[in-house]
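Per chain, numbering begins at 1; letters A, B, ... match sequence-line order. Keep in mind that the numbers below use all heavy atoms, side chains included, and drop hydrogens, waters and symmetry copies. The shown structure was predicted, so the numbers you read here are calculated from the model rather than taken from an experiment.
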Amino acid sequence: MRQDIYIEDLKSFVGKAVTLRGWLYTKRSSGKIQFLELRDGTGICQCVVMKNQVDEATFAAYDKLTQESAFAATGVVQEAAKAPGGYELFTKSIEIISIAQEYPISPKEHGVEFLMGNRHLWLRSSRQHAIQKVRHEVVHAIRDFFDERGFNLLDAPILTPNAAEGTSTLFELDYFDEGKAYLTQSGQLYGEAGAMALGKVYVFGPTFRAEKSKTRRHLTEFWMVEPEVAFMDLEGDMQLAEEFIEYIVQRVLKNRQNELKVLERDVSKLERIKAPFPKLHYDEAAQILKEYWSSMNEDEKKERFASGHKEFIYGDDFGAPDEAVISGKFEKPVMVHHYPAAVKALYMKRDPKEPDKALAMDMLAPEGYGEIIGGSQREDDYETLLGRIKEHNLPVDAFEWYLDLRKYGSVPHAGFGLGVERTVAWICGIEHVRETIPFPRTISRIWP
RNA sequence: UCCUGAGUAGCUCAGUUGGUUAGAGCAUCUGACUGUUAAUCAGAGGGUCGUAGGUUCAAGUCCUACCUCAGGAGCCA
């Protein structure tokens with residue numbers, strides 16, 4: 001008796017009659033023998049049809065089935081060394097479910113603009129399929145990591161009344177009679193409230209930045225996970241971050257080998273992602289940059305300037321090219337801490353031993369993928385925080401609830417934010433974050 | 001916002017110092033083929049050269065403006 005199964009389960013059905021249902025990925029024929037590659041979302045299976053083994057209608061189906069047409073194939077599963085995946089279906093009959101019109105995405109190469117305009121179809125391609133599988137694994141690993149450690153998920157609002165950090169531009173909208181509202185650019189402030197209530201929390205959801213950034217690392221809508229822990233200091237924050245990254249990478253390595261193979265990822269570079277990671281004080285990172293520039297002659301410097309890389313001055317924040325220089329020195333992610341307070345957000349606590357430095361850290365991914373984590377120990381003193389809000393000319397009343405957290409049982413606490421898309425791009429080894437999210441939103445694209 | 005580059009067939013591209021009817025591969029259609037792997041082989045159809053002006057006997061090619069897209073900077077995850 002036949003049985004409906006998924007392609008990922010083929011190996012348990014060798015010698016048995018089964019039915020597969022899906023879409024035609026591609027087909028080949030040499031006259032009396034036909035090969036149809038069936039895609040069902042769990043994998044791809046080659047269906048072999050021989051003229052003298054099937055009825056006329058089944059043999060004629062080959063001509064009718066266009067790329068991405070839906071059909072069901074019934075036959076016997078057999079091992080086949082030459083078949084993609086190692087198994088094929090020796091097909092006895094084919095049932096056509098629907099015939100696809102001429103499909104725009106051919107097996108040949110395409111340009112970015114075309115593929116992005118057909119993102120809803122592009123997702124069916126094996127490479128995009130593999131990326132989404134890895135993304136799913138990363139998200140699952142994130143949840144498991146925190147859940148196993150007793151963190152409570154805290155869903156922060158997406159519609160917010162005010163700017164959390166002030167600097168970034170926000171998407172604005174009208175909110176009934178209440179005036180303007182904004183799409184959240186970080187759940188952190190709410191995470192801090194949650195940490196005071198639940199001890200250990202993580203906020204996980206989409207965030208929005210109306211920055212006009214046009215690089216391979218930016219989206220206007222992206223997902224961020226933000227743990228926040230009461231009684232944790234910067235040291236603990238960094239340790240949590242490195243254990244977290246190790247956990248995610250090792251989970252993908254364990255469960256998504258096939259997908260990494262499709263993506264042609266050099267997994268040896270991922271296998272070495274084990275804590276502890278190198279940690280550099282800002283001054284040490286600055287020294288690397290100083291040596292980098294001083295080792296160059298004038299012509300080499302001019303070349304760097306022409307590509308947009310500005311010479312680093314002590315006290316500056318690091319630009320993307322600076323981060324590439326620093327992370328290029330290491331095979332593991334590197335954490336830089338104790339940034340100058342002047343270039344960091346107002347809610348970050350300063351180090352009492354180095355009052356000009358913030359208890360902040362960034363984690364830079366290897367292979368030039370840039371910043372994947374930004375975190376800090378938060379300012380927990382009421383007067384200090386209030387003073388900083390005033391210094392930045394921000395409306396104190398908007399921060400009233402946030403200041404309350406310092407009025408009622410304030411404790412040291414810390415947390416960080418991890419960009420999901422940058423992390424997935426790095427693990428997959430792909431060029432651009434836009435391929436890591438099903439429907440990317442960039443400065444020039446809101447469709448499909 | 002700034003810098004750089006690109007828009008030619010459904011898709012990816014070629015198109016020389018401006019010169020007759022703008023080419024190729026893939027996709028589509030027709031035919032051949034019993035183990036193909038982006039199958040192969042033979043043939044056919046398919047074009048407002050991003051838009052608007054301008055120079056010229058003549059513009060895909062030169063000039064101007066604009067539009068769209070891509071890469072980078074800044075900002076950030």
*Can a donor-acceptor pair under 3.5 Å be found between the side-chain atoms of A:Ser213 and the base atoms of B:rC75?*
yes

*In terms of ring plane angle, is the pair A:Phe145 and A:Phe244 parallel, tilted or perpendicular, where the classes change at 30° and 60°?*
tilted

*Verify the contact: side-chain N or O of A:Ser186 to OP1 or OP2 of B:rA77, cut-off strictly under 4.0 Å; return yes or no.*
no

_Polar pair under 3.5 Å, donor/acceptor by atom type, side chain A:Gln46, base B:rU36_ = yes

*Kindly say whether, by distance alone, the side chain of A:His218 makes a donor-acceptor pair under 3.5 Å with the base of B:rC76?*
yes

*Does A:Arg217 have a side-chain nitrogen or oxygen under 4.0 Å from the phosphate oxygens OP1 or OP2 of B:rG74?*
no

*asked:* So, OP1 or OP2 of B:rG71: does either fall under 4.0 Å of a side-chain N or O from A:His432?
replied: yes

*Of the candidate nucleotides B:rA73, B:rG35, B:rC69, which contains the atom at the shortest distance from the side chain of A:Ala320?*
B:rA73

*Test for a donor-acceptor pair under 3.5 Å between the base of B:rC76 and the side chain of A:Arg422, counting only N and O atoms.*
yes

*Would you indicate, yes or no, if B:rA73 has its OP1 or OP2 atom less than 4.0 angstrom from a side-chain nitrogen or oxygen of A:Arg304?*
no

*Could you tell me how the ring of A:Phe151 sits relative to the ring of A:Phe146: parallel (under 30°), tilted (30 to 60°) or perpendicular (over 60°)?*
tilted

_Quick check on RNA chain B: between A:Gly374 and A:Phe35, whose nearest nucleotide comes earlier from the 5' end?_
A:Phe35

*Can you check whether A:Phe222 stacks with the B:rA77 base, using ring centres under 5.5 Å and planes within 30°?*
yes

_Gap in Å between the two P atoms, one belonging to B:rU1 and one to B:rC26, rounded_ = 43 Å

_When you measure from the side-chain N and O atoms of A:Lys51 to the phosphate of B:rU34, is any distance below 4.0 Å, counting only OP1 and OP2?_
no

